[in-house]
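Let me begin by presenting the structure, written as structure tokens, before commenting on it.
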2 protein chains.
Amino acid sequence: MLTKEQLADFLHKNGYKATPQRLAVYECLAQTQEHPTAEMLYERLLPSYPSMSFSTVYKTMDMLHRLNLVKRINAGEESFRYDADTGAHEHICCTKCGRVEDLRLDLAPVRKEAGSKSQYDVQSQELYLYGVCPACKMKK
Amino acid sequence: MLTKEQLADFLHKNGYKATPQRLAVYECLAQTQEHPTAEMLYERLLPSYPSMSFSTVYKTMDMLHRLNLVKRINAGEESFRYDADTGAHEHICCTKCGRVEDLRLDLAPVRKEAGSKSQYDVQSQELYLYGVCPACKMKK
DNA sequence: ATACAATTTATAATTATTATGATTTGCCTT
DNA sequence: AAGGCAAATCATAATAATTATAAATTGTAT
């Protein structure tokens, strides 16, 4: 999670320009807990950046992802979501309301089991949990 | 994993017709360990079913999936893969050669941890592991 | 064997994402 | 502080997987 200044520095150090669009896209993502899609980001940015283009959002997300500044979340939905928290963590999705929340789990035992059973060198994993969130449990 | 006859019965009991196309699509999937995409199935079926249409493959997979006769595998690739093994199991993907293999892991502890940390009623989960398969380790 | 609803086929539509190219702009150099 | 240029933005077109549509065909109950 970087400040605007830290992101600008980081971009410069990697040979990229720190454009207002890039800073705004990252800031918008860093401010929310909702794991927005590219479209959600675009819609939120439009009021303050009327010239913002859809392709700028996509290109920016692609760059931030390559630089490991954001996570791509593929929870089996029609489009990707993004997360400015790049630390190791998982996601749980509510099957009623569609929200996606962060979750920190200990997957070391599972990785170990996977490595020994498969004989692969395990490099990473993606775990998505699905269920009913507390709020939706109440509504029922 | 059903035989042709069992699948025909099952389809009839659920109000569907047991067409040669449907039986062939399922049989093709059940015969392989490779977790093919719709396109791979189509290409494999074309020689023996020259009239087979792409949309029949898609519609058949959609129906088999709704009837819980196949699993949809979303390993972050550009298209879905399918698996005729519907029992609880995970998948591990080789980042060098792209192969996808089955893996049976004990996720009960992780589900329990997820439920207590998130307060969700956990219904299901999808876990994808990524690494280098034994064959690709040798090649290096 | 017939009839009819379900299915197949071919094609068009949809949707998320990526590519293209002309215009604009950040930023380095002076 | 201004100029120049590579890089970035914007608008639009292209791509690719999947889904929808509708006419022709076919499985199956009678």
Side-chain angles (χ1 to χ4, degrees), chain A residues 4-5 7-28 35-43 45-67 69-82 98, chain B residues 4-5 7-26 28 35-43 45-46 48-67 69-82 98:
Chain A
K4 243 177 185 156
E5 291 71 30
L7 176 59
D9 278 358
F10 188 91
L11 292 177
H12 288 149
K13 288 202 179 100
N14 284 273
Y16 293 104
K17 293 180 182 172
T19 66
Q21 290 91 336
R22 284 170 175 173
L23 300 178
V25 168
Y26 181 82
E27 190 184 36
C28 185
H35 307 94
T37 62
E39 187 174 20
M40 288 158 79
L41 287 168
Y42 172 68
E43 277 164 14
L45 290 163
L46 211 48
S48 17
Y49 288 82
S51 82
M52 176 73 69
S53 159
F54 224 106
S55 55
T56 300
V57 177
Y58 272 111
K59 285 218 180 85
T60 301
M61 295 320 297
D62 183 59
M63 183 201 63
L64 293 173
H65 185 239
R66 282 199 323 276
L67 293 171
L69 294 177
V70 305
K71 273 196 165 194
R72 278 183 100 155
I73 302 178
N74 179 358
E77 297 171 303
E78 56 295 331
S79 39
F80 291 118
R81 292 169 177 261
Y82 296 92
Chain B
K4 243 179 186 156
E5 293 71 30
L7 176 59
D9 279 357
F10 188 91
L11 292 178
H12 287 148
K13 287 199 179 105
N14 285 273
Y16 294 104
K17 293 181 181 173
T19 65
Q21 290 93 334
R22 285 170 174 175
L23 299 177
V25 168
Y26 181 83
C28 186
H35 307 96
T37 61
E39 186 174 21
M40 288 159 79
L41 287 167
Y42 173 68
E43 275 163 17
L45 289 162
L46 211 47
S48 18
Y49 289 82
S51 82
M52 176 73 70
S53 158
F54 225 108
S55 53
T56 301
V57 177
Y58 272 111
K59 285 216 180 88
T60 302
M61 296 319 296
D62 182 60
M63 182 198 64
L64 294 173
H65 185 239
R66 281 199 322 274
L67 293 171
L69 294 176
V70 306
K71 272 195 169 196
R72 278 183 100 154
I73 302 178
N74 179 359
E77 297 171 302
E78 57 295 332
S79 40
F80 291 118
R81 292 170 177 261
Y82 296 93

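Every chain is numbered from 1, with letters handed out A, B, ... down the list of sequences.
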Query raised in the report: Looking at A:Ser53, does any N or O in its side chain come under 4.0 Å of the phosphate oxygens OP1/OP2 on D:dT9?
Result: no

Query - Value in whole Å for how far the P atom of D:dA13 lies from CZ of A:Phe54 - result: 17 Å

Query raised in the report: Between B:Met61 (CE) and D:dA17 (P), how many Å, whole number?
Result: 16 Å

Query raised in the report: Yes or no on side chain to side chain contact (heavy atoms under 4.5 Å, CB included) for A:Thr60 and A:Thr19, after CA distance, side-chain angles and deciding distance?
Result: CA-CA 10 Å; A:Thr60 301; A:Thr19 66; over 6 Å; no

Requested in this report: Grab the CG-C1' distance between A:Leu45 and D:dC10 for me, whole Å please.
Outcome: 15 Å

**Report entry** Between C:dC27 (C1') and A:Leu11 (CG): distance, integer Å
**Finding:** 14 Å

Query raised in the report: Can you find a heavy atom in the side chain of A:Tyr16 that is under 4.5 Å from one in the side chain of A:Arg22?
Result: yes

Query raised in the report: Between B:Gln21 and D:dG27, is there a side-chain N or O to OP1/OP2 distance below 4.0 Å?
Result: no

**Report entry** Any donor-acceptor N/O pair, B:Asp62 side chain to B:Tyr58 backbone, under 3.5 Å
**Finding:** no

Requested in this report: Let me know the distance between CG of A:Leu46 and C1' of D:dA11, rounded to the nearest Å.
Outcome: 14 Å

Query raised in the report: Any idea which of C:dA16, C:dA6, D:dA8 is nearest the A:Lys17 side chain?
Result: D:dA8

Query raised in the report: NA contact type, B:Pro20, heavy-atom cut-off 4.0 Å: base, sugar-phosphate, or nothing?
Result: sugar-phosphate

Report task. Report yes if a side-chain nitrogen or oxygen of B:Tyr58 is closer than 4.0 Å to either non-bridging phosphate oxygen (OP1 or OP2) of D:dT18; otherwise report no. Result -> yes

Requested in this report: For B:His12 and B:Ala8, indicate whether the former's side chain and the latter's backbone hold a donor-acceptor pair under 3.5 Å.
Outcome: yes

**Report entry** base_contact_polar (C:dT20 base, A:Lys59 side chain, donor-acceptor, <3.5 Å)
**Finding:** yes

**Report entry** base_contact_polar (C:dA10 base, B:Ser55 side chain, donor-acceptor, <3.5 Å)
**Finding:** yes

Query - A:Asp62 CG to C:dA16 P, straight-line distance once rounded to whole Å - result: 18 Å

Requested in this report: State whether A:Thr19 places a side-chain N or O below 4.0 Å from either non-bridging phosphate oxygen (OP1 or OP2) of D:dT9.
Outcome: yes

Report task. Identify whether any heavy atom of B:Thr56 sits under 4.0 Å from a base atom; if not, whether one sits that close to sugar-phosphate; answer base, sugar-phosphate or nothing. Result -> base

Query raised in the report: Closer than 4.0 Å, any side-chain N/O of A:Arg22 to the OP1 or OP2 of D:dT9?
Result: yes

Report task. Can you tell me the distance, in whole Å, between the CZ atom of A:Arg66 and the C1' atom of C:dT17? Result -> 15 Å

Query raised in the report: Is A:Ser51 touching bases, backbone alone, or none of the nucleic acid, heavy atoms closer than 4.0 Å?
Result: sugar-phosphate

Requested in this report: Answer with base, sugar-phosphate or nothing: what part of the nucleic acid does A:Ala38 contact at a heavy-atom distance below 4.0 Å?
Outcome: nothing

Query raised in the report: Does the side chain of A:Leu7 reach to within under 4.5 Å of the side chain of A:Leu69, using non-hydrogen atoms?
Result: yes

**Report entry** Gap between atoms CE and C1', on B:Met52 and D:dT25 respectively (whole Å)
**Finding:** 15 Å

